[in-house]
Amino acid sequence: MGCIDLINLTSTNIYRLVLTRTSNKPYITRGSSMAAIRAESVATEKLGIFIEKNPPESKLTQLGVRSWPKWGCPPSKFPWTYDAKETCFLLEGKVKVYPDGSDEGVEIEAGDFVVFPKGMSCTWDVSVAVDKHYQFE
């Protein structure tokens, strides 16, 4: 899938971060040795939608995410209004969410932990079938 070269500024060592389609765990190479690493979680907020990419399994377990109800849909486009705050974790899929009043969309995909605020109206544009765990508060 791709590589990123990482340079250790305190020495002349160059490391390569390797991402593959066959494994969800990237690894670092240096010479012939490999060390397994976990991609870091990255959280952002855009247009009122909170997205955490690659949340740690410990967080999902602590919240009981895998016991939440599931919902899914095929590729489609539809309007939606959140009557309550929704927290969800996408197991599969890819969606671009367009909050009402914005021409800009927010892309979410498999592996994302997402929080939609109560009262948000938006349009979901599902490009890859979605399967997610969700909880309303």
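Because the structure is predicted, anything quoted here is derived from the model rather than measured. Index from 1, following the sequence.
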K.L.:
Evaluate the criterion side chain to side chain contact (heavy atoms under 4.5 Å, CB included) for residue pair Asp131 and Lys70; output intermediate values, then yes/no.
P.N.:
CA-CA 7 Å; Asp131 185 25; Lys70 286 177 77 177; 3.1 Å; yes

K.L.:
Return the minimal non-hydrogen interatomic distance between Val65 and Phe113, and the atom names on each side.
P.N.:
CG2-CE1, 4.1 Å

K.L.:
Are Leu60 and Trp71 linked, directly or through intermediate hydrophobic residues, by side-chain heavy-atom contacts shorter than 4.5 Å (ILVMFWY only)?
P.N.:
no

K.L.:
In Å, rounded to the nearest 0.5 Å, how long is the span from CH2 of Trp80 to CG of Asp100?
P.N.:
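Those atoms lie 13.5 Å apart.
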
K.L.:
CD of Gln135 to SG of Cys88: how many Å apart, nearest 0.5 Å?
P.N.:
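Answer for the CD-SG pair, Gln135 versus Cys88, is 11.0 Å.
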
K.L.:
Heavy atoms only: give me the nearest Gly111-Pro55 pair and the separation to one decimal.
P.N.:
O-CD, 3.2 Å

K.L.:
Minimum heavy-atom separation for Ala129 to Pro74, with atom names?
P.N.:
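Result for this residue pair: CB-CA, 4.1 Å.
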
K.L.:
Once you round to the nearest 0.5 Å, how far does OG1 of Thr44 lie from NZ of Lys53?
P.N.:
7.0 Å

K.L.:
Could you state the interatomic distance from NZ (Lys94) to CD (Glu107), rounded to the nearest 0.5 Å?
P.N.:
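That separation rounds to 4.5 Å.
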
K.L.:
Between Lys85 and Lys118, what is the shortest heavy-atom contact and its length?
P.N.:
N-CB, 3.6 Å

K.L.:
Determine, using the 4.5 Å side-chain heavy-atom cutoff (strictly less than), whether Tyr134 and Ile108 are members of one ILVMFWY cluster.
P.N.:
yes

K.L.:
Determine whether Val126 and Leu91 fall in the same hydrophobic cluster, where Ile, Leu, Val, Met, Phe, Trp and Tyr are linked whenever their side-chain heavy atoms lie under 4.5 Å apart.
P.N.:
no

K.L.:
Is there a side-chain contact between Lys77 and Thr123, using heavy atoms and a 4.5 Å cut-off?
P.N.:
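With C-beta onward as the side chain, the pair touches.
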
K.L.:
Nearest heavy-atom pair of Pro75 and Ser127: which atoms, and what distance?
P.N.:
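Taking Pro75 first and Ser127 second, the nearest heavy atoms are CG-O, 3.8 Å.
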
K.L.:
Would you say the side chain of Lys132 lies within less than 4.5 Å of the side chain of Trp68, judging by non-hydrogen atoms?
P.N.:
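When only atoms from C-beta onward are counted, Lys132 and Trp68 do not touch, as no gap falls below 4.5 Å.
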
K.L.:
Does a side-chain heavy-atom distance below 4.5 Å link Leu90 with Glu109?
P.N.:
no

K.L.:
Any side-chain heavy atom of Glu86 within less than 4.5 Å of one from Met120?
P.N.:
no

K.L.:
What's the shortest heavy-atom distance between Thr87 and Glu137, and which atoms?
P.N.:
OG1-OE2, 3.8 Å

K.L.:
Between Tyr82 and Phe136, what is the ring plane arrangement, given parallel below 30°, perpendicular above 60°, and tilted in between?
P.N.:
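Ring orientation of Tyr82 relative to Phe136: tilted.
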
K.L.:
Is Val114 close to Ile49 at the side-chain level, that is, under 4.5 Å between some pair of heavy atoms?
P.N.:
yes

K.L.:
Apply the side-chain contact (heavy atoms from CB on, under 4.5 Å) test between Cys122 and each candidate in Val97, Leu47, Val106; give the one that qualifies.
P.N.:
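Passing option: Val97.
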
K.L.:
Within the structure provided, determine whether Phe89 and Leu63 are in side-chain contact (heavy-atom separation under 4.5 Å).
P.N.:
no

K.L.:
Whether the side chain of Ser102 engages the backbone of Pro99 through a donor-acceptor N/O pair (distance < 3.5 Å, no angle test) should be reported.
P.N.:
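Side chain of Ser102 to backbone of Pro99: no pair is present.
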
K.L.:
For the pair Trp124 and Phe78, name the ring-plane relationship: parallel under 30°, tilted 30 to 60°, perpendicular over 60°.
P.N.:
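Trp124 and Phe78: parallel rings.
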
